[in-house]
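This report refers to the structure that appears directly beneath it.
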There are 2 protein chains.
Amino acid sequence: MPLDRSIIASLPLFEGLSPAELDGVLKDARAARFPKESTIFEQEAEVRSFFVLLAGHVRVVRATPDGRQVIARYISEGEIFGIAAALGRLTYPATAIAAVDCVVLVWPNAVWPDLAARFPVLSAGTFKTVGSRLQDAQARVVELATEHVEQRVANALLRLANQTGRKTEAGIEIDFPIWRQDIAEMTGTTLHTVSRLLSAWEERGIVVSGRQRVTVTDAHRLVLLAQHRSKD
Amino acid sequence: MPLDRSIIASLPLFEGLSPAELDGVLKDARAARFPKESTIFEQEAEVRSFFVLLAGHVRVVRATPDGRQVIARYISEGEIFGIAAALGRLTYPATAIAAVDCVVLVWPNAVWPDLAARFPVLSAGTFKTVGSRLQDAQARVVELATEHVEQRVANALLRLANQTGRKTEAGIEIDFPIWRQDIAEMTGTTLHTVSRLLSAWEERGIVVSGRQRVTVTDAHRLVLLAQHRSKD
DNA sequence: GCGCCGGTTTGCGCCAGCGCAAATCCCAAG
DNA sequence: CTTGGGATTTGCGCTGGCGCAAACCGGCGC
């Protein structure tokens with residue numbers, strides 16, 4: 001396993017583990033590569049593993065019975081995901097797809113109880129991750145329930161820019177291929193509406209976008225759009 | 001503390017604890033009564049305690065910066081809530097209000113790490129609870145993103161009926177006072193639309209409703225409404 | 001260089017559901 | 001019994017945003 005141990009050791013999740021302990025944690029793990037657009041695990045499939053993302057970006061998608069789908073979140077480097085087992089589930093609630101070529105650590109889910117018991121740091125860190133996902137999900141519920149499409153799309157772009165933005169001379173570019181349909185599935189709208197919004201924003205100099213690419217050039221005005229109250 | 005220990009012992013959360021262990025868990029708890037419509041904890045307030053609901057129903061509400069609010073969930077008897085501390089938060093992300101007169105157990109949040117370490121059953125149970133809340137929240141995201149108001153309201157009523165329904169001769173009655181505005185805040189719509197829907201459903205014999213009261217008389221047809229695809 | 005294919009843009013018509021406003025109803029206090 | 005106020009119902013007009021369809025565009029393979 002030619003993995004850089006020091007990079008792994010520096011992940012927040014493993015903070016506070018001694019090198020020996022880290023060895024113990026990693027003993028049961030294997031590294032795996034997932035090429036762009038390949039499936040890491042599938043919704044409804046039996047839970048066999050949990051994962052830590054070392055490099056790349058992962059898209060987590062929930063499909064509805066009638067074939068529509070919603071992007072639950074993007075996983076960034078260093079995050080733990082696929083932890084359905086720890087939450088007492090037998091099947092994955094969503095599908096995970098590599099948005100770009102990815103490197104992940106994989107543990108068989110059976111080792112979780114042991115790891116969690118031996119390394120409270122891990123358990124607490126996972127609690128924290130789950131907690132922030134819960135916050136996140138509930139914030140999105142509020143957003144979907146109270147805000148207009150324009151605000152939601154603005155918010156989604158801002159979140160992406162914050163989470164995975166790469167600074168370029170033009171502005172903050174979202175660091176993986178994303179197309180209109182994706183943004184629509186993050187915000188509960190249609191690719192048509194997203195396209196219209198991006199076009200309008202591009203005209204006003206707030207974003208620059210093209211095929212599978214979005215760059216936020218004026219984050220400040222985008223924030224204003226995101227906060228815009230219908231009653232002001 | 002004139003609390004019926006056996007009732008507490010029978011809660012799923014405490015399953016698997018010996019009577020002695022249960023004593024240890026309860027040693028740090030105190031019981032408290034919250035009258036109808038009183039606030040148990042407030043959004044943004046510093047986290048001081050976590051709670052288990054012994055009797056009653058609690059409404060958990062998130063307020064938006066512009067004064068609108070969204071009902072995150074109703075807590076039923078036996079559930080743990082206000083566990084922001086376990087999730088690494090310093091303030092509560094929402095406000096909890098007693099929907100009816102309530103009895104709760106209260107722990108100072110400082111005892112959580114100790115309890116979690118000493119009683120893995122508690123920790124795992126809380127993980128499970130948080131996991132199911134996360135599922136729930138993400139399911140609501142999908143619902144809000146893909147379904148129409150009619151389906152969302154139908155789903156909300158079905159969830160309430162399942163979670164807290166009381167069988168009467170007329171059908172399944174929701175067991176606490178709930179008004180149109182509440183249902184609107186659970187589903188991201190307005191009380192007007194909810195009222196129109198309930199009126200229409202009442203005409204068709206699917207529900208009976210009145211002031212602060214809803215009874216589902218034909219759950220089967222309500223399920224059909226909830227599942228109705230726009231393209232059928 | 002050309003054509004194809006999938007992503008993107010844009011126009012157009014429509015309607016679900018919101019906002020406003022008024023009427024009505026029902027409980028509870030007096 | 002009467003009255004007041006909050007909950008609920010209902011009508012009406014308007015519009016945000018969807019669905020459909022067509023045009024457009026840019027990269028890639030041949």
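Just so it is clear, the structure is predicted and the values come from calculations on it, not from any experiment.
Between the CD atom of A/Q212 and the P atom of C/dT9 there is a distance of 12 Å, rounded to whole Å. The CH2 atom of B/W179 sits 18 Å away from the C1' atom of C/dC25 (whole-angstrom rounding).
Counting distance only, with no hydrogens placed and no angle test, the side-chain atoms of A/R196 and the base atoms of D/dG19 include a donor-acceptor pair under 3.5 Å. A donor and an acceptor atom never sit less than 3.5 Å apart when one is taken from the side chain of A/R213 and the other from the base of C/dG7. Scanning atom types as modelled, one donor and one acceptor separated by under 3.5 angstrom connect the side chain of A/H192 and the base of C/dT10.
For B/S195, no side-chain nitrogen or oxygen approaches OP1 or OP2 of D/dA7 to under 4.0 Å. Distances shown here put every side-chain N or O of B/T189 at or beyond 4.0 Å from the OP1 or OP2 atom of C/dG17. For A/S199 and C/dT10, the shortest distance from a side-chain N or O to OP1 or OP2 is below 4.0 Å.
Within 6.0 Å of CZ on A/R213 lie more than 12 heavy atoms contributed by other residues, nucleotides or ligands.
Using bins of under 30°, 30° to 60° and over 60° for the plane-to-plane angle, the ring pair B/F51/B/F41 lands in the parallel bin.
Using a 4.0 Å heavy-atom distance criterion, A/R180 is classed as a sugar-phosphate-only contact.
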Q: Would you sort out whether A/R59 and A/E37 count as a salt bridge (charged side-chain N to carboxylate O under 4.0 Å, His left out), showing the intermediate values?
A: CA-CA 9 Å; A/R59 193 168 69 237; A/E37 294 303 320; 3.3 Å; yes

